[in-house]
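Report on the structure given below.
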2 protein chains.
Amino acid sequence: MTEASSPVSDRTRLRRYHWLGKYDRQTIYDIIDAGIICQIGYIFDGKPYVTPTSHWRIDDYVYWHGSSASRMLKTQQTGIPVCFTVTHLDGIVFARAAMNHNVQFRSVMAFGNAEFVEEDKKREALAAFTDKLAPGLWDYARPPNEQEWLATKVIRLRLDEASAKVNDLFAGDEEEDLASDRWSGAVPLYVAQRDVIPDPKLAANIAMPDFARLFRYTKK
Amino acid sequence: MTEASSPVSDRTRLRRYHWLGKYDRQTIYDIIDAGIICQIGYIFDGKPYVTPTSHWRIDDYVYWHGSSASRMLKTQQTGIPVCFTVTHLDGIVFARAAMNHNVQFRSVMAFGNAEFVEEDKKREALAAFTDKLAPGLWDYARPPNEQEWLATKVIRLRLDEASAKVNDLFAGDEEEDLASDRWSGAVPLYVAQRDVIPDPKLAANIAMPDFARLFRYTKK
């Protein structure tokens, strides 16, 4: 399954700019794995909600977590339909024609029913989350005590109905605009990181561990 | 109204981590204006959808646009409830305790009914969009012809029910963890830009205009 293409459903088939649509698993995985913040859409009391939260992926599932008391997670754990999205802004395209300015981006959208992650899979899921963020982080930190453990809930979504959309193009200007003397181009954008800042409350003589020293937001 | 605080509704009042909630207009405006990509949540056929799209703000409204043939916009222009969100990832916080790792971020969430922007306000709205992106861009580009004009639709949402959430804190570790020999700190993240890339189809001898040369993703 992991190397196959995602089946194209009525919801995942791109209607607008369909030539930007990608349905292969690797493209979908790479876009999901390149970010740590997703947006989860769901319905509560008949109204739409979108919640930004951290996500991670294990095989063909995306995961997110939060407080056991969270209304969002209490609602989602009943198995309601959700829409999972990740978006990376890669650049701004200035076109020759006013209606052709655009952005370069990579995004994934996935639909399905949320699943509550049961106790026997929860530790493995949370360890995978922290170790994807920074290898070694799970073993380094003080493990959760019982109260913290019970206060945290994990939810997941199977990537059955998923699609990606990638725009890395320059402006789609018409021939007559290409022949004009107007300029066009793109400004590439990316997520950069600054030097690590030790916690101001850090006791003296505690060395920065490798997971922090070697941390790179962009893994490849 | 612009200097006042946003009224706190049942939907905008932060339930979890309520101390991160901000309800003053300027904080909400600054977070919206610092980005160009938002996520719009809405309901179609009883299911939740989240669509990433470009946004801009004029006074107390956020705007987005798209193809007149777009199913999303056709659905939204009927005045359905939407959830508008913007999220900026500002850093990753490594804590001493496994359950206290966190992200630094700024986000805004707004609820309300989408409004179709009528013909008489559409040009002003689109000109404001491009000029916020890069001052002078609207006048530089070839103006829309009638076909392009009809093919574009603008939607807006009044920021009546909006809240912001800002986390710029280090780890919220407990006293006993602070006293341990475990390290903690934050990796600041930001959106950076690379040198402008002229369109490969650009004719020779067309100079880069100021709006591109001076473009800065972060306005302040």
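The sequence lines fix the lettering, A, B, ..., with proteins before strands; numbering per chain opens at 1. Note that the coordinates shown come from a computational prediction; the quantities given were computed from them, not determined experimentally. Excluded from the calculations below are hydrogen atoms, water molecules and symmetry mates; all remaining heavy atoms, backbone and side chain alike, are included.
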Discussion item. Please tell me whether A/Tyr140 and B/Phe94 form a close aromatic pair, meaning their ring centres lie under 6.0 Å apart.
Written reply: no
Response to the item:
Cut-off 4.5 Å, heavy atoms of chain B, and the answer for A/Thr85 is side chain
Worksheet item: Looking only at heavy atoms, which of residues 123-130 of chain A get nearer than 4.5 Å to chain B?
Response: A/Leu126, A/Thr130
Discussion item. Within this structure, what is the CG-CD distance for the pair B/Asn145 and A/Glu176, rounded to the nearest 0.5 Å?
Written reply: 8.0 Å
Worksheet entry | Minimal non-hydrogen separation, A/Ile206 against B/Asp181, with atom names | CG2-O, 3.5 Å
May I have the list of side-chain donor-acceptor pairs in residues 76-83 of chain A shorter than 3.5 Å, sequence neighbours left out?
| from | atom 1 | to | atom 2 | distance (Å) |
| --- | --- | --- | --- | --- |
| A/Gln76 | OE1 | A/Trp64 | NE1 | 2.8 |
| A/Gln77 | OE1 | A/Lys153 | NZ | 2.4 |
| A/Thr78 | OG1 | A/Thr75 | O | 2.7 |

Worksheet item: Can you check whether B/Leu202 reaches A/Arg96 side chain to side chain, under 4.5 Å on heavy atoms?
Response: yes
Discussion item. So, applying side-chain contact (heavy atoms from CB on, under 4.5 Å) with B/Pro52, which one of A/His88, A/Met109, A/Gln39 is it?
Written reply: A/Met109
Practice prompt. Using non-hydrogen atoms and a 4.5 Å limit, figure out which bit of B/Ala207 sits close to chain A: side chain, backbone, both or neither.
Written response: backbone
Item to complete: Return the set of residues passing side-chain contact (heavy atoms from CB on, under 4.5 Å) with B/Ala141 (not counting sequence neighbours), or none when no residue passes.
Response: A/Ala98, A/His101
Worksheet entry | A/Tyr49 ring center near B/Phe111 ring center (under 6.0 Å) | yes
Worksheet item: Do the side chains of A/Phe215 and B/Ile92 get nearer than 4.5 Å, heavy atoms only?
Response: yes
Fill in: Residue-level interface, residues 189-198 of chain A with chain B, non-hydrogen cut-off under 4.5 Å
A/Leu189, A/Tyr190, A/Val191, A/Ala192, A/Gln193, A/Arg194, A/Asp195, A/Val196, A/Ile197, A/Pro198
Practice prompt. Answer whether the closest heavy-atom distance between the side chains of A/Pro143 and B/Met99 falls below 4.5 Å.
Written response: no
